Number of protein chains: 2
Amino acid sequence: MWRGALRAREQAEVALAPLGLRARHYGLMAILTDTGPASQRRIATQAGIDASRVVTLVDEMERLQFVRRLKDPSDRRAYLVDLTPAGKKLFAEARTATAAGERTLLAGLTAAERKQFVRLLGVVAGEGLG
Amino acid sequence: MWRGALRAREQAEVALAPLGLRARHYGLMAILTDTGPASQRRIATQAGIDASRVVTLVDEMERLQFVRRLKDPSDRRAYLVDLTPAGKKLFAEARTATAAGERTLLAGLTAAERKQFVRLLGVVAGEGLG
DNA sequence: TATTGTTATACTCTATAACTATA
DNA sequence: TATAGTTATAGAGTATAACAATA
């Protein structure tokens, strides 16, 4: 499983490199697309990483203007991190790019097997647990 | 997929910790069990890691006497790394331990789905590529 | 008191480069 | 010239601890 994941990540990195992105940037955009504007704390929980790393990650994406920090009106300590329009556009491109890599990765499977595999993987990965 | 692999590795680490092992030690023993005595170069290729890391890894396992370095009679530069009897015994225990973790990981699947999942995973991971 | 975001720091993992002894 | 193993080192990536502002 580890080996498969390494292959998958490598595919993703290769696919995203032309866009100037790393897998983690894709992950951030995926979370924001999923949940909408979110606090950094929530992003950390969702991604399963430390809050201090979210700082750096959001910094990077903010500097590139794909993401922005809005003040949370209901909690002056917190930000709401949000995709900018440019970020949404970029994420769409990134999805296209990674989809191609995914096809390569799953090339050995029939269409039915792919569907099955993705489904089972969802269960094993504990989908929806954050 | 990445998330699933993280869960899998964590399961493995937790399962192996009581034996004083890390996932990489298990990996080394698995390779040696598979291929028999092997040069460090071959182990590196097989595991997909750098040769310098194999040095450290074998050092650790040799100090614990689970592995030994035999001189390769046909190439005086090379060692043949081999499991000791204690290493073989340990690997059997480690297999039992990780099998329990595996059951936890695949708990959400039926028996048939598990079998299918493992098969598909083998294809995606490019089984036998090294 | 507890929590959000931040910074500084240290630790782990990993690869690279330079070396030796062989081939 | 090239390869097996080793060492030292440097670069990622990551978590931890301590802090200010706010709850």
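Proteins get letters first, then strands, A, B, ... in listed order; numbering begins at 1 in each. For clarity, every value in this text was computed on a predicted model and none was experimentally measured.
Using a 4.0 Å heavy-atom distance criterion, Arg41(A) is classed as a base contact.
Between the CD1 atom of Ile43(A) and the P atom of dT6(C) there is a distance of 11 Å, rounded to whole Å. One can place CZ of Arg69(B) at 15 Å from P of dA4(D), the figure rounded to the nearest angstrom. Distance, Asp50(B) CG to dA4(D) P: 13 Å, rounded to whole Å. For the pair Arg53(B) CZ and dT12(C) C1', the computed distance is 11 Å after rounding to whole Å. Per the geometry, CG belonging to Leu70(A) stands 12 Å off P belonging to dG5(C), to the nearest Å. Atom pair Arg24(A):CZ and dG13(D):P shows a separation of 5 Å (rounding to whole Å applied). The distance between atom CD of Glu60(B) and atom C1' of dT14(C), rounded to the nearest whole Å, is 14 Å. Separating the CZ atom of Arg42(A) from the C1' atom of dT3(C) is a distance of 17 Å, rounded to the nearest angstrom.
Side-chain atoms of Ser52(B) and base atoms of dT14(C) include no donor and acceptor less than 3.5 Å apart.
For Gln40(B), the side-chain atoms get nearest to dG5(D) when compared with the rest of dG5(D), dT4(C), dG13(D). Candidate nucleotides dT22(C), dT4(C), dT6(D) were compared by shortest atom distance to the side chain of Asp75(B), and dT22(C) ranks first.
Placement of Leu105(B) and Leu16(B) in two distinct hydrophobic clusters is found when ILVMFWY residues are connected by side-chain heavy-atom separations under 4.5 Å, directly or transitively.
When atom types are taken as modelled, the side chain of Arg7(B) and the backbone of Val124(A) share a donor-acceptor pair closer than 3.5 angstrom. A donor-acceptor contact shorter than 3.5 Å is absent between the side chain of Ser39(B) and the backbone of Leu80(B). A distance-only check finds no donor-acceptor pair linking the side chain of Arg68(B) to the backbone of Asp82(B) [under 3.5 Å].
The aromatic rings of Phe117(B) and Phe117(A) lie parallel to each other, with less than 30° between the two planes, well short of the 60° mark.
Applying the 4.0 Å criterion to OP1 and OP2 of dT12(C), one finds that Arg22(B) has every side-chain N and O outside that range. The side chain of Arg76(A) places an N or O atom within less than 4.0 Å of a non-bridging phosphate oxygen (OP1 or OP2) of dA23(D).
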